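Throughout, protein chains are lettered first and strands after them, A, B, ... in sequence-line order, and every chain is numbered starting at 1. Please read all numbers here as calculations on a predicted model, not as lab measurements. Just the heavy atoms: all of them, side chains too, but no hydrogens, waters or symmetry mates, feed the values below.
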Amino acid sequence: MRMVHILTSVVGSKCEVQVKNGGIYEGVFKTYSPKCDLVLDAAHEKSTESSSGPKREEIMESILFKCSDFVVVQFKDMDSSYARRDAFTDSAISAKVNGEHKEKDLEPWDAGELPTSEELEALENDVSNGWDPNDMFRYNEENYGVVSTYDSSLSSYTVPLERDNSEEFLKREARANQLAEEIESSAQYKARVALENDDRSEEEKYTAVQRNSSEREGHSINTRENKYIPPGQRNREVISWGSGRQNSPRMGQPGSGSMPSRSASHTSDFNLNSGSDQRVVNGGVPWPSPCPSPSSRPPSRYQSGPNSLPPRAATPTRPPSRPPSRPSRPPSHPSAHGSPAPVSTMPKRMSSEGPPRMSPKAQRHPRNHRVSAGRGSISSGLEFVSHNPPSEAAAPPVARTSPSGGTWSSVVSGVPRLSPKTHRPRSPRQNSIGNTPSGPVLASPQAGIIPTEAVAMPLPAASPTPASPASNRAVTPSIEAKDSRLQDQRQNSPAGNKENIKPSETSPSFSKAENKGISPIVSEHRKQIDDLKKFKNDFRLQPSSTSESMDQLLNKNREGEKSRDLIKDKIEPSAKDSFIENSSSNCTSGSSKPNSPSVSPSILSNTEHKRGPEVTSQGVQTSSPACKQEKDDKEEKKDAAEQVRKSTLNPNAKEFNPRSFSQPKPSTTPTSPRPQAQPSPSMVGHQQPTPVYTQPVCFAPNMMYPVPVSPGVQPLYPIPMTPMPVNQAKTYRAVPNMPQQRQDQHHQSTMMHPASAAGPPIVATPPAYSTQYVAYSPQQFPNQPLVQHVPHYQSQHPHVYSPVIQGNARMMAPPAHAQPGLVSSSATQYGAHEQTHAMYACPKLPYNKETSPSFYFAISTGSLAQQYAHPNATLHPHTPHPQPSATPTGQQQSQHGGSHPAPSPVQHHQHQAAQALHLASPQQQSAIYHAGLAPTPPSMTPASNTQSPQNSFPTAQQTVFTIHPSHVQPAYTNPPHMAHVPQVNHEALARCGLEMHSLFQAHVQSGMVPSHPTAHAPMMLMTTQPPGGPQAALAQSALQPIPVSTTAHFPYMTHPSVQAHHQQQL
Amino acid sequence: MAAPPGEYFSVGSQVSCRTCQEQRLQGEVVAFDYQSKMLALKCPSSSGKPNHADILLINLQYVSEVEIINDRTETPPPLASLNVSKLASKARTEKEEKLSQAYAISAGVSLEGQQLFQTIHKTIKDCKWQEKNIVVMEEVVITPPYQVENCKGKEGSALSHVRKIVEKHFRDVESQKILQRSQAQQPQKEATLSS
């Protein structure tokens, strides 16, 4: 070390090197090696007698002396301080002085006569700050002759008060004093004073980025606790809460829960927009959440505060936050004890009831009510905690929410009116919820249902389309779940605690409760943990997958992890495991479902639960939405399973549906936090929230997949946005790789997939994506297989798949096939396919474009980022492709009736999903995966069914598509959704046309934000495509056939397609 | 020895040794690298400058009679951070100077001329060889034999300044020669005395 230092300090100095033979070389010391080999620049051998310098020709550019070649090296006249980096020492500074510099002569300080102690004391006691004005005036006058015109009475500015002893004057004076006292004693006054004295940083107050909520909460809470809050402020807070709740009751209920969670989770992940959306969504819901988890809420509010008018309006950002913080702790506990139970029960009921009944509306409404009730309880709990009126205020909101739940569609429509952002978000949620429920109810009727809620709830309509119970359920559930979750979370944030206790069912509520309570994340973590634990117990799938999933989870849960950490370190591991398990379980469930619906349901339910937890955890991170989604997922899963059974119109179709559902669920779980949160937002966002929703959209996409079939579509859209998160996407991508295995081993693969999915996301790089994309096409089928195989599989898959795909494409209608093939094959292939597609389908562009775009995007975009960037480009390709596909689809639709339809759809779905995933980023990928997974199972059973379904589906799709369109948009962003959604969406878009456009735009915007151009472009396409919507579906179906023919994937593909078809039919 | 484990020389201790060229070296240990058997010593400056020192890097593989004159137990002072860029620039300029000097030498410039060039260069960096002429600041040209009267150029501060430098240079050289002579004479006297 010292050798290095000394040698370095002499670099650049002239030195003489004496070598073994006695020769001496002189040169500039250039450098040295660790082995002490020396390099001299401009070195020459010193001749003993040479008095003069070396000649030019004697100097060598540089000489390297091996350490073993020299005896002594001499550096002459070295200044050890030359290179010292002590520019600020006295010596260093003085050294810079020009000219001669010598030590300054020190002068002794002569205090002269020491001032008297009195004088010194006078100085110390002199409190005056500077000159007295009169002294200044005098000084200026004496020294400068300036005379001041200062008048101490300020007669120029005011009129002196003429005091007298008249009775009137005394009365007025007394009155004035009284008023002053009242004002100064008022809470408002104190609060405002407190504001001035508020020591929170602006960032703390207004930041849209929530740092780790768990930590934050912990810290914030502590800090807050430690801080003295003026009574006035406290009152204010309470008041504000009450007012806020009252103000934003409508939106509030759903939003409140979601708000916090979202804020927490989203803040970090989501953009401000998302935050705003959340806020908006929260608008109503937020209140409850704040109460439960003040800390989380406060941040969210602060962040969202600006965005969400209601909250702010109700109470300044500060007040809300403060109240929440305090209440948060109490609320969480209270909720756990009192309200939580209700919440948990509610979710359970919801899940149990919802699925069986199939009538989403009825179920949903109940759910909503429940949620609202839960929220109310929560809020009340919060309020109690906070000691504020909030309880009352909250109660009103709850009531409103519950009512609104009944009329979500109306509410939704209304929401936009109120405050576009908040209302819209809420409304979407509500809509989604309401719609989804309605969709389920209508289930087969979907189309009819859709129309009913149609305007406000295109999504709902879509959900109905899902018709296929499973898919519909899954989707709708997801949507509903999201909505409900959001609501639940918001409302149930208190319930979160309960959820912890009752992870599986209540997990959502728990998450919410947790969110509301202390830190949503924490609650989510707990929920997740619980869920995970449960899942672990129930399902311990492939460890490897778990590891990957762990990574994913970690990524996803980072936020949550923080909270988790806060909660319990142990929980994290378990949570991770659980996540993994969940994901795997989800995958498995998805696969299993498709394969054997009956069997799968239980698994699905489990998976759902697991997913739910995961989702919740994610949701917690992202926001309440996740929790809701989880719940929804669970419910949806159950519902889906039931639906599948019910939907069994086509056995295969049923199976497929389950898969789709399962897929969505997995996707949601993977994407969990963000996606969920996003989905819910997306739901809301569809209308206006879009920006915010974009992220949500990603999540939604995940949800979407399930949804796509039915109402879920709306959720899906949001989900797609959520999927955007790279992590998820990665995971999904990974999953895609798995597909092959999945095909073979759906269950196992699914298990693995989660992990793989998780792993891939982390690892996944843009380049990888391209490969993945390729793989994805296959993967899509295998989505369930998920990530595990990812890298390897990807590489393998691509090859296999590409051939297969190509073959399929060949087999299939050229256009449709081409797309699939492209997806499966590498980019080059894709390009070719695209070209072919373009060639083929110019006419049908819209639909195909939409569907194809997603695929293309996925393909084109190697990485998420690339995807995002590329999206536009991809879009272009897509558009062309879509055309081909569209044409094919149109043809295929007819064909689909025959055999191709089912397969092709699947491929399309997968591709779309893949694309969507790619586009959407991780979340999207996850969604895709889910979709893929779900599809695969279906394909397994359903090939024939799928076809038949497809045939029927076209119509169904069309109807459904109206809903889907919105989904489709998400789908673009979110691959998973894309797969299912795309078809539906396209159709829906085509039919929905304007509505869809509007929705899409909204979605797109939301989605766009995450995915950007691509999403928008797709949206545009979609909108334009509407007419071709059905065709698009057909195209997809056509594509699907190819997959079937080619490989196992194909079966999956077919299955997925079948599901889609079923959904459509339904 | 108080050297810490793994080290054979404690920094700050005085060490003397004899190289294979029968050269006696003594100095304060600055560093020792066991891997390469390199010992760095700090010796009083050969030129007698107070704040400077000669650094010797000794390859102990070719050294015998290593002897520790006195050991130092206190911990060595911390190492100051080095301004690497400054060192690098120094290395670059040193190399350029040497090359330019070599260029002049190869051109057949007399020793006086070289010395004058070095002296001027110390004060004015902007000087270079043009054939055998020294060009200072692109204004003053000093032609052989490099005397004050050889300084030519536009009359001005630059020319007068260069002339002062040249004048002082030769004055110093003369004084040095005298000094050397006196030094050379002393040994002779001593020799005579001794003899």
**Q** Name the region of S68(A), side chain, backbone, both or neither, that has any atom closer than 4.5 Å to a heavy atom of chain B.
**A**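 Backbone plus side chain of S68(A), per the 4.5 Å heavy-atom cut-off to chain B.
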**Q** Check whether any side-chain N or O of D33(B) sits under 3.5 Å from a backbone N or O of C36(A) as a donor-acceptor pair, and report yes or no.
**A**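 The answer is no, because no donor-acceptor pair under 3.5 Å joins these two groups.
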**Q** Please check this pair: side chain of D41(A) against backbone of K95(B), looking for a donor-acceptor N/O pair closer than 3.5 Å.
**A**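 No; judged by distance alone, with no hydrogens or angles, the pair does not exist.
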**Q** Assess whether salt bridge (Lys or Arg N to Asp or Glu O under 4.0 Å) is satisfied between E94(B) and K30(A), documenting all intermediate values.
**A** CA-CA 10 Å; E94(B) 287 279 352; K30(A) 178 75 172 179; over 6 Å; no
**Q** At a heavy-atom separation under 4.5 Å, does Q18(A) approach chain B through its side chain, its backbone, both, or neither?
**A**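 For Q18(A), side-chain heavy atoms alone lie under 4.5 Å from chain B.
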**Q** Under a 4.5 Å cutoff for heavy-atom pairs, which residue among I6(A), D37(A), L40(A) has the most contacts with chain B?
**A**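 Of the candidates given, the most pairs with chain B belong to I6(A).
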**Q** Identify, with sequence neighbours excluded, every residue that meets ring pair (Phe, Tyr, Trp, His ring centres under 6.0 Å) alongside Y32(A).
**A**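 Once residues adjacent in sequence are excluded, Y32(A) has no partner under the ring pair (Phe, Tyr, Trp, His ring centres under 6.0 Å) criterion.
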**Q** Could you tell me whether the side chain of S13(A) reaches within less than 4.5 Å of the side chain of K90(B), counting heavy atoms only?
**A**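 They are in contact (side-chain heavy atoms under 4.5 Å apart), so the answer is yes.
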**Q** Check whether Y62(B) reaches the backbone of V72(A) with its side chain - one donor and one acceptor, N or O, closer than 3.5 Å.
**A**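 No, the answer is negative, given that no donor and acceptor are paired below the 3.5 Å cut-off.
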**Q** I need the L25(B) CG to Q74(A) CD distance, nearest 0.5 Å.
**A**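 Separation between the atoms: 8.0 Å.
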**Q** Side chain, backbone, both or neither: which part of L39(B) has a non-hydrogen atom closer than 4.5 Å to chain A?
**A**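 Just the backbone, heavy atoms under 4.5 Å.
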**Q** Not counting sequence neighbours, which residues clear salt bridge (Lys or Arg N to Asp or Glu O under 4.0 Å) with K168(B)? List them please.
**A**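 For K168(B), the residues satisfying salt bridge (Lys or Arg N to Asp or Glu O under 4.0 Å) (neighbours in sequence not counted) are D172(B).
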**Q** Could you go through the side chain to side chain contact (heavy atoms under 4.5 Å, CB included) check for L57(B) and M3(A) one step at a time?
**A** CA-CA 9 Å; L57(B) 183 63; M3(A) 180 61 73; 3.7 Å; yes
**Q** With a 4.5 angstrom heavy-atom cut-off, which part of N21(A) approaches chain B: side chain, backbone, both or neither?
**A**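 The answer is the backbone of N21(A).
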**Q** V71(A), V17(A), L38(A), V28(A): which one forms the most heavy-atom pairs within less than 4.5 Å of chain B?
**A**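 Most heavy-atom pairs within the cutoff with chain B belong to V71(A).
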**Q** Taking side chain as everything from C-beta outward and backbone as N, CA, C, O, which of these in L7(A) sits under 4.5 Å from a heavy atom of chain B? Side chain, backbone, both or neither.
**A**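 It is the side chain, since no backbone atom gets that close.
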**Q** Run the side chain to side chain contact (heavy atoms under 4.5 Å, CB included) test on F70(A) and M38(B) for me, step by step, so that the C-alpha distance in whole Å, both residues' side-chain angles and the decisive distance to 0.1 Å come before the verdict.
**A** CA-CA 10 Å; F70(A) 63 86; M38(B) 289 294 170; 3.1 Å; yes
**Q** Heavy-atom distance under 4.5 Å to chain A: side chain of E96(B), backbone, both or neither?
**A**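 Interface part for E96(B): neither.
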**Q** Taking only Lys NZ, Arg NE, NH1 and NH2, and the carboxylate oxygens of Asp or Glu, determine whether K76(A) and D54(B) approach each other closer than 4.0 Å.
**A**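 Looking at D54(B) together with K76(A), the answer is no, because their closest N to O distance does not fall below 4.0 Å.
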